[in-house]
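A, B, ... follow the sequence lines: proteins, then strands. Residue 1 opens every chain.
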Amino acid sequence: MKLLVCITHVPDTTSKISFTDDDQKFDQTGVQFIIGPYDDYALARAVELKEQSGGSITVLNVGGSETEPTIRKALAIGADEAVRVNADPTDSLFVAKQIAEHAKDSGYDLILMGRESIDFNGGMVHGMVGEMLGIPSVSPVMTLDVDGDSVKMSREIEGGKEVVEAKMPLVAGCQEPIAEWKIPNMRGIMSARTKPLNVVEPVSDEVSSTLEKYELPPAKGAVKMIDADKVSELVD
Amino acid sequence: MATLVFVESAEGKIKKTSLEAVVYAAAIGGDVIAIALGTEVDDSELAGLGNYGAIKVLKVSDDRLNQGVIQAYANVLNQAMTSMGSDILVLANSSLGTPVSARVAIKQDASLVTNVTELPDTSNGFKVKRSIYTGKAFANVELTKARKVIAIKKNAAEIKEIGGSAAVEEFSPELTDSDFEVAITGVDKATGDILLPEAEIVVSGGRGLKGPENWGMIEDLAQELEAATGCSKPVSDIGWRPHHEHVGQTGVKVSPTLYIAVGISGAIQHLAGVNSSKYIVVVNKDEEAPFFKAADYGIAGDAFDVIPKLTEALKAAR
Ligand SMILES: Cc1cc2nc3c(=O)[nH]c(=O)nc-3n(C[C@H](O)[C@H](O)[C@H](O)COP(=O)(O)OP(=O)(O)OC[C@H]3O[C@@H](n4cnc5c(N)ncnc54)[C@H](O)[C@@H]3O)c2cc1C
């Protein structure tokens, strides 16, 4: 089975969010970058699928050279090779175009990614890629099992889940509990250094939105503490 | 110019977030045409969308659309936009709406934006504000394409009832078997419960509740308040509660008027899912719990003592 996992390079979930350059840029000072948590689930499931039935895993990231440590981590977790599209991921249309371009003639059976990135939370890229390639897209996917060329998934819906069945190839936007996050072991980290990481240039510069400025929410007022014996005060 | 609004329903009723989408579309100006897919909503409920600003409601009476098949939905909305001459599609973010909107945007060569929190600024171009970094910040973006698909977050528009009723018309798009190549073969859904993403009040429990057997008091309080119930990630990970109740960075993002957190420490990843709540009440026996810093009201006390008392006090006040 040929698997493509698309990963984002995003601030760690504990990062303090602030902006510089007149609120035009995210302030990276002191921020640690990680594989997007949802993408990390997708990658973990891909590694399990490969363990079960063989095949290969390619990871793809659209980003500048600063994302390479994140890509190497994905290789350490179990991907076989990586592609970095050398451009800032300016908007979801731009990113989707790059993924579709890479995938269109590569014969992937499954294209997995997180249900959304945790910086822009768009949740749009999987659907866009599916539409561009003319194949199904399913999200948010909580379990995914392959049987021959069929894929059985559960998709989260408000208040529950539904069982979805489709034929490969398809795109899935993943979330927990599809697999448990994998921590790279020593052997993985060593071998990741020599696995291929190909850098390609973007195919188009088309975007569909431009940033005006970032903004932080207003600060929250101080908490009002209520005595545990006087909970009725809260009712008022 | 007509704006198309995709409305979703639950148990035969149009969802509140979809009503907000209709109001949002009306505020953009021009005619508002709503569209509902499937046969589970009756005409009088659809005509009622006139009360929120729709002049016309298209219904697509096809049983196969009673299930949210992403590709088929995208195909229907695409055909409806074209046939109504709509440049803008508005819908509510949801587990169905968001993935569908992405496919429609590509079909229409439209700008797509999700998680929109406010009405657009159309004084110079078309600008919207959207939530980013899981509610920790906002981005003001300009949508540069002629056509636009806008997915709004709960509370992006304030519901106003204007009276009136909309004309309901059948819309018959061309659908082929390939639109249904992805089959939904089972649904497992709580019925009668208040849906978490839509709820005005949420009562959430964390690991501090010690075990699933102690959720009775959370449910009692929720029932008293007509609230939905939620939980922290470890609670759904260990299976004390179903996964769809998991609130936070990697779970459901809620925007209720009131969020009550019981026995939840307030890890930054949990806060990411609740930071657009209007008021937050925290009950935790550790007065140093980080959640208090994000709260409007705090009770430092044992949940097993405080929660039943609170439920009693609410009953008494009724
Ligand atoms: C990438 C990533 C994503 C994550 N995403 C999420 C997410 O989406 N949602 C989420 O919730 N977490 C998420 N987490 C986990 C998060 O970091 C915390 O571990 C989790 O929120 C803690 O859950 P908790 O507050 O229920 O448990 P704990 O941290 O164990 O807190 C229990 C609390 O209960 C209090 N308590 C104990 N007994 C009582 C009592 N009798 N009465 C009152 N209070 C009591 C304690 O004082 C304590 O504050 C994520 C973590 C990572 C790394």
Interchain contact, A:M142 with chain B, by part (heavy-atom threshold 4.5 Å): side chain
Part of B:K15 within contact of chain A (heavy atom distance under 4.5 Å): side chain
B:T114-B:N93 side chain donor-acceptor pair, cut-off 3.5 Å: no
Chain A contact via B:Q71 - which portion, at a heavy-atom distance below 4.5 Å: side chain
B:S131, part contacting chain A, at a heavy-atom distance under 4.5 Å: backbone
Residue, of B:L271, B:V69, B:V113, B:V141, that accumulates the most heavy atom pairs under 4.5 Å with chain A: B:V141
B:L196 versus chain A, the contacting section by heavy-atom distance below 4.5 Å: neither
Aromatic plane relationship, B:Y297 with B:Y279 - under 30° parallel, 30 to 60° tilted, over 60° perpendicular: tilted
Heavy-atom contact with chain A under 4.5 Å, split by part of B:D237: side chain
Proximal component of A:E206, with respect to chain B [non-hydrogen, under 4.5 Å]: side chain
Chain A interface, residue from B:Q67, B:Q249, B:H246, B:E181 that has the most non-hydrogen pairs under 4.5 Å: B:Q249
Polar contact flag, side-chain donor to acceptor under 3.5 angstrom, B:S18-B:E8: no
Toward chain A, the part of B:K136 with a non-hydrogen atom under 4.5 Å: both
Contact class of A:I157 relative to chain B, heavy atoms under 4.5 angstrom: both
For residues 110-120 of chain A, run the donor-acceptor check on the side chains, cut-off 3.5 Å, and write out each pair with its distance to 0.1 Å, sequence neighbours left out.
| unit_1 | atom_1 | unit_2 | atom_2 | d |
| --- | --- | --- | --- | --- |
| A:R115 | NH1 | A:Q175 | OE1 | 2.7 |
| A:E116 | OE2 | A:N121 | ND2 | 3.1 |
| A:S117 | OG | A:D119 | OD1 | 2.8 |
| A:S117 | OG | A:F120 | N | 3.3 |
| A:S117 | OG | A:N121 | N | 3.3 |

Top of B:K127, B:K233, B:H243 for chain A proximity - count of heavy-atom pairs under 4.5 angstrom: B:H243
Reported CG-to-CG distance for the pair A:L144 and A:L170, which is rounded to 0.5 angstrom: 7.0 Å
Within 6.0 Å of CD in B:E287, more than 12 heavy atoms from elsewhere: no
Pairs of heavy atoms under 4.5 Å with chain A: top-ranked of B:V252, B:V100, B:V187, B:L143: B:V187
Portion of A:S154 that has a non-hydrogen atom of chain B nearer than 4.5 angstrom: neither
Structural part of B:D109 lying under 4.5 Å from a heavy atom of chain A: side chain
Contact winner vs chain B - A:V138, A:D91, A:I135, heavy-atom pairs under 4.5 Å: A:I135
Basic-acidic side-chain contact under 4.0 Å: A:R45, A:E48: yes
Toward chain A, the part of B:P197 with a non-hydrogen atom under 4.5 Å: side chain
Option in A:G160, A:G159, A:G221 with maximal non-hydrogen atom pairs under 4.5 Å from chain B: A:G159
Partner chain A: residue of B:N115, B:T98, B:V283, B:T134 with the largest heavy-atom pair count (under 4.5 Å): B:T134
Salt bridge (Lys or Arg N to Asp or Glu O under 4.0 Å) contacts touching residues 121-143 of chain A (sequence neighbours left out): A:E131-B:R103, A:E131-B:K107
Which portion of B:D296 sits near chain A, non-hydrogen atoms under 4.5 angstrom: both
Per-residue contact mode, B:K148 against chain A (heavy atom under 4.5 angstrom): neither
Plane angle bin for A:Y38 and A:Y41 - parallel if under 30°, tilted between 30 and 60°, otherwise perpendicular: tilted
Pick from A:S209, A:G123, A:P136 with the largest number of heavy-atom pairs that fall under 4.5 Å of chain B: A:P136
Pi-cation contact, A:Y108 with A:K2 (under 6.0 Å, within 45°): yes
Salt bridge present between B:K189 and B:E11 (N-O < 4.0 angstrom): no
Residues B:E245 and B:T229: side-chain donor-acceptor under 3.5 angstrom: yes
Atom pair CZ/NZ of A:F19 and A:K25 - distance to nearest 0.5 Å: 13.0 Å
B:V104 portion near chain A, given a 4.5 angstrom heavy-atom threshold: neither
Contact class of B:L195 relative to chain A, heavy atoms under 4.5 angstrom: side chain
Distance-only polar pair, side chains of A:T13 and B:Q269, donor-acceptor under 3.5 Å: yes
Largest heavy-atom contact set with chain B, pairs under 4.5 Å, which of A:S15, A:S137, A:P11: A:S137
Choice from B:A110, B:S94, B:A102 maximising heavy atom contacts with chain A below 4.5 Å: B:A102
Heavy-atom contact with chain B under 4.5 Å, split by part of A:A96: neither
Spacing of B:H270 atom NE2 and B:I268 atom CD1 [to the nearest 0.5 Å]: 12.5 Å
Part of B:A294 lying under 4.5 Å from any heavy atom of chain A: backbone
Among A:D23, A:L216, A:L211, residue most engaged with chain B (heavy-atom pairs, under 4.5 Å): A:L211
B:K129/B:E118 ion pair, N-O < 4.0 Å: yes
Check: B:N155/B:S255 side-chain N/O donor and acceptor closer than 3.5 Å: no
